[in-house]
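Working notes for the structure below.
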Amino acid sequence: TGHAALVTGGGSGIGKACATALLQHGAKVVLGGRTLSKGEEAAQELDALGDDSGEDPVAVPVQLDVASDDSAEAAVKFAMDTFGGLNIVINSAGIMCKKPPFDLTGEDMNSLYNIHITGALRVSQAAGHIFREQHQGSIINIASISSYMSLTEVTAYACAKSGMMGLTHSLANEWAKYGIRTNGIAPGFIPTDINRKMIEGTDRGRRILEHTPMARFGEGSEIAGAAVYLASPAASFVNGITIRINGCARIDDV
């Protein structure tokens, strides 16, 4: 309560779920994304979850391209100007590339790195200057089940998400002295816009469910609880961890 958050990729999927949960627990949220219309639609939906006092909105969209330094800095400034402060960043923006390794290009790899790893760094740096000055801030990076296990034809994505864990550990080590905590969440198989066609109603999806003891896919809301915890004072001594939320899936061949 009383904190403000910037969520990249906040207009849909896991980012939107995390933004929703933060709002439900009293935070105000800025939904960052490349498509402003998607953010506007999500913000309208989320704002309705806030109090009904008719005062200023508690969820607002901002156009944010995490591949741009200027855009990242502008989004952080927007959050500061809108809510008068910033305490939480969730790096959830992401893209997918499904190709056999022989078909991957350098451009494919660089594109995913630029969005997932460098993009998260850009936003973290922009917010980190604010966090350092106030000696308080929580950064949460969304990694993946593919950070831990081998999945077929998603090499670029797996490498980028593994890199997100490396970024999390490094920032946690470097920035703790500034009062900044950096942690991660590694979701299991959650149907979203970037993976739904790969796992819903497919042979790949069937094998995933067969190897998941809970025998179902997860939901964004089941990831969001960890985000609330990591952002809150309850996690004040939690730094540099990545929480796995995957229904105990053990898969090496999908």
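Not measured: the values here are computed from a predicted model.
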Examine [X] and [Y] and state if one hydrophobic cluster contains both, with Ile, Leu, Val, Met, Phe, Trp and Tyr joined whenever side-chain heavy atoms are less than 4.5 Å apart.
| X | Y | answer |
| --- | --- | --- |
| Leu36 | Val30 | no |
| Met214 | Phe189 | no |
| Val66 | Ile194 | yes |
| Ile117 | Leu64 | no |
| Met96 | Tyr113 | no |

Within-4.5 Å side-chain heavy-atom neighbours: [X] and [Y]:
| X | Y | answer |
| --- | --- | --- |
| Asn183 | Ile243 | no |
| Thr242 | Met164 | no |
| Ser12 | Thr192 | no |
| Ser124 | Leu171 | yes |

Using the ring pair (Phe, Tyr, Trp, His ring centres under 6.0 Å) rule, collect all pairs that involve residues 222-250, keeping only residues at least two apart or in two chains. none

Residue that, paired with Cys97, satisfies side-chain contact (heavy atoms from CB on, under 4.5 Å) out of Leu112, Val154, Thr155: Leu112

Assess whether atom [atom1] of [X] is packed by more than 12 heavy atoms of other residues, nucleotides or ligands within 6.0 Å.
| X | atom1 | result |
| --- | --- | --- |
| Lys77 | NZ | no |
| Gln44 | CD | no |
| Glu40 | CD | yes |

Is it true that a side-chain atom of [X] and a backbone atom of [Y] form a donor plus acceptor pair closer than 3.5 Å?
| X | Y | result |
| --- | --- | --- |
| Asp47 | Val58 | yes |
| Ser147 | Lys161 | yes |
| Arg244 | Tyr148 | no |
| Asn239 | Ala172 | yes |
| Arg216 | Gly247 | no |
| Gln134 | Gln136 | yes |
| Thr82 | Ala79 | no |

Could you tell me which non-hydrogen atom of [X] sits nearest to which non-hydrogen atom of [Y], and how far apart they are?
| X | Y | answer |
| --- | --- | --- |
| Arg196 | Pro191 | NH2-O, 3.2 Å |
| Ala120 | Leu167 | CB-CD2, 3.8 Å |
| Leu86 | Leu6 | CD1-N, 3.7 Å |
| Val123 | Asn91 | CB-OD1, 3.6 Å |
| Gly10 | Leu31 | O-CD2, 3.6 Å |
| Phe131 | Ile88 | CZ-N, 3.8 Å |

When rounded to the nearest 0.5 angstrom, what is the spacing between [atom1] in [X] and [atom2] in [Y]?
| X | Y | atom1 | atom2 | result |
| --- | --- | --- | --- | --- |
| Asp108 | Tyr157 | CG | OH | 15.5 Å |
| Ser92 | His116 | OG | NE2 | 9.5 Å |
| His169 | Ile241 | NE2 | CD1 | 9.0 Å |
| Ile208 | Leu151 | CD1 | CG | 7.5 Å |
| Cys18 | Ile140 | SG | CD1 | 7.0 Å |
| Thr8 | Asp65 | OG1 | CG | 11.0 Å |

[X]: side-chain hydrogen bond (donor to acceptor under 3.5 Å, both in side chains) partners, not counting sequence neighbours:
| X | answer |
| --- | --- |
| Thr202 | none |
| Asp103 | none |
| Ser144 | Ser146 |

Pair [X] + [Y], salt bridge at N-O below 4.0 Å:
| X | Y | answer |
| --- | --- | --- |
| Glu153 | Arg204 | no |
| Asp193 | Lys16 | no |
| Glu210 | Arg206 | yes |

Can you run down the salt bridge (Lys or Arg N to Asp or Glu O under 4.0 Å) pairs that involve residues 118-136, sequence neighbours left out, and say none if there aren't any? Asp69-Arg122

Please identify each residue that fulfils side-chain contact (heavy atoms from CB on, under 4.5 Å) with Ser111, with sequence neighbours left out. Ile95

